[in-house]
Structures are given as structure tokens and as C-alpha cells.
Amino acid sequence: MIITIDGPAAAGKGTISSYLSAKYKLAYFDTGMVYRAVGLQMVLTGTDLQNQEAAVAIARNLTFPQMMELSVHPDFRSDIGSNAASVVSAYPEVRSALLMMQQNFALNPVFADGSPASGAVYDGRDTGTVICPHANLKLFITATTEVRAMRRYKEFLQKGIITSYDKVLQDMIARDERDSKRSTAPLKPAEDAVIIDTSELDINAVIATIIPLVEAKL
Ligand code: DC
């Protein structure tokens, strides 16, 4: 069973993916991590984010263990890491270098402890369109930019990250623009995706909408 969950930042994909993977005992692949890992390595080595060749070289050498190691760095999920990920993810050769690593996970899905799983939940931007076009269920989770920026702003406050709502909103607008206008695998729903707008729904209502869709595929 492969479920893909795509959509813009802070739409609720991560929460939904974690819930579904726990409930249905599926492995979870947060595909944004591959771009965050490449972007953060550029930042940590002082490489200009516009240096596509360097980004491609890093992407070609990226391994799962390296990605997991980078994922505990404080800037992996900060605005610095998010911005770097968004920039490098627009480079077509970076995307193609990371394609197989993401697709292979569906062939041999594993839990975080390395034990095998019977399927996987993918979370990203192009997992239903490019990574797993034959997924059993494709969801596209979205919400208005203002609602998503407010959610992200509250998350930052909870983590003690000092910022302003306006800065988060501007960053969100810039990322959305880059993610949806890039030439390769732009953010868009797969033709057979179920689109769910979470702007006015709490997590319980979203889950209640999704469970019947999953059960129908079991
Ligand atoms: O989901 P996230 O916020 O961790 O993603 C970070 C960046 O990576 C995001 O700006 C777009 C990019 N990304 C992508 O292009 N394709 C994916 N499948 C996942 C993320």
C-alpha cells in the first residue's frame, strides 16, 4: 500500500502522514528531507545556493544515513534550511539525482528502526505525480497562504524561534511561488488525487475525511 500526500508547506501533510503511517503500520518518507539535506550541506559548506553544479554533486552523493545525520541540525527545519531546500529543489538535475533514492524506498519500505514495512506514506510536492505515479491513494492537502503562515508562525513560537507573522507569510509566499513555478515537477495535484482544503478544518475533521478513502483501498 503506497499513499502519497502532496501539497504546499504547512498545509498539514506531516501530521496526516504521521497519523496514517502509525494507524496502518506503514513506513513514512518525508521527501522534503532530501532537499533539506542538500540545501543544508550547501549552507554548512558556505557554498552559494545559486551554484547548481555544487548542488548536483551533493545530491548525487547523498545517502540515507547522511540525510538522517543532517536532520538533527538546528537549521534543518529553520527558515535558513527551508529556503535553501526550496532553492536547490528547483534545479532539474538535483531532482533527477534524488529520484531513484526516493522511488527505491517504495520497493523496500522500512520503519525508522530499519525493520521492513508492508507499504509507505510519502509526503512531499511531487510524490503522486513523479515519485509514485502508481500509488494506491493520492491526496493533495492544501490551505490558504494566510492560514498556513499562521500555523507555521505558531510552530516557530512553540520552538522558541523568534520571528514575525509577516516574515513567515512573506517566506511562505516566496516558497509557494518557487515550488509551483519551477519547470521540473512543479507543485500541482496529480490528476487522480483527492484534493482536501484544510483551511477551515481541524486535524480531527481532516482525518475523518481521509480514513474512509484509505479503508476503501485496503
Ligand atoms: O516539505 P518541506 O517543507 O520539508 O520541503 C522543503 C522544500 O523541498 C520545499 O520548498 C519544496 C521541496 N520539495 C520538493 O520540491 N519536492 C518534494 N517532493 C518535497 C519537497
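Indexing begins at 1, ligand by ligand and atom by atom, following the structure's order.
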Specify the protein heavy atom at minimum distance from atom 7 (C) of ligand 1: its residue, its atom name, and the distance to 0.1 Å. Ala85 CB, 3.8 Å
Considering the heavy atoms of Thr31, write down every atom of ligand 1 situated less than 4.0 Å from one of them. 17 (C), 18 (N), 19 (C)
What about Phe64 and Phe29, are their ring centers closer than 6.0 Å? yes
Would you say Thr127 and ligand 1 have an N/O pair spaced under 3.5 Å apart? no
Protein heavy atom at shortest distance from atom 12 (C) of ligand 1: Ser89 OG, 3.5 Å
Tell me whether ligand 1 is touched by Arg95 - counting only heavy atoms on the residue side and a distance under 4.0 Å. yes
Does Thr31 use its side chain to pair, donor to acceptor, with the backbone of Asp123 at less than 3.5 Å? yes
Starting from atom 3 (O) of ligand 1, locate the nearest protein heavy atom and write down its residue, its atom name and how far away it is, to 0.1 Å. Arg175 NH2, 2.6 Å
Quick one: does Arg36 get an N or O within less than 3.5 Å of an N or O on ligand 1? yes
Examine Arg182 against ligand 1 and note whether any of their N/O atoms are separated by less than 3.5 Å. yes
Should Asp126 be counted as touching ligand 1, given the test is an N or O pair under 3.5 Å? yes
Ion pair check, Arg36 and Asp30, cut-off under 4.0 Å: no
Using a 4.0 Å cut-off to any heavy atom of Gly32, which atoms of ligand 1 qualify? 4 (O), 5 (O), 19 (C), 20 (C)
Within the distance-only criterion (no hydrogens, no angle test), does the side chain of Lys138 pair as donor or acceptor with the backbone N or O of Thr4 below 3.5 angstrom? no
Can you name the one residue among Asp176, Asp179, Asp6 that meets salt bridge (charged side-chain N to carboxylate O under 4.0 Å, His left out) with Arg125? Asp179
CD (Glu155) with more than 12 external heavy atoms under 6.0 Å: yes
Start with the C-alpha distance between Asp75 and Ser78, add both sets of side-chain angles, then the distance that settles side chain to side chain donor-acceptor pair (under 3.5 Å), and finish with yes or no. CA-CA 5 Å; Asp75 275 327; Ser78 74; 2.7 Å; yes
Output the rest of the hydrophobic cluster of Ile3: all Ile, Leu, Val, Met, Phe, Trp and Tyr residues reachable through side-chain heavy-atom contacts under 4.5 Å, sorted by chain and number. Met1, Ile5, Ile16, Tyr19, Leu20, Tyr24, Leu26, Val121, Leu137, Leu139, Ile141, Val194, Ile196, Leu201, Ile203, Val206, Ile207, Ile210, Ile211, Leu213, Val214, Leu218
Ion pair present between Lys167 and Asp171, side-chain N to carboxylate O less than 4.0 angstrom? yes
Measure Arg152 to ligand 1 on non-hydrogen atoms and call it side chain, backbone, both or neither using the 4.0 Å cut-off. neither
Would one find an N or O of Arg125, backbone or side chain, under 3.5 Å from an N or O of ligand 1? yes
Quick one: look up the protein heavy atom nearest atom 8 (O) of ligand 1 and list residue, atom name and how far away it is. Tyr35 CB, 3.6 Å
Ser82 N/O under 3.5 Å from ligand 1 N/O: no
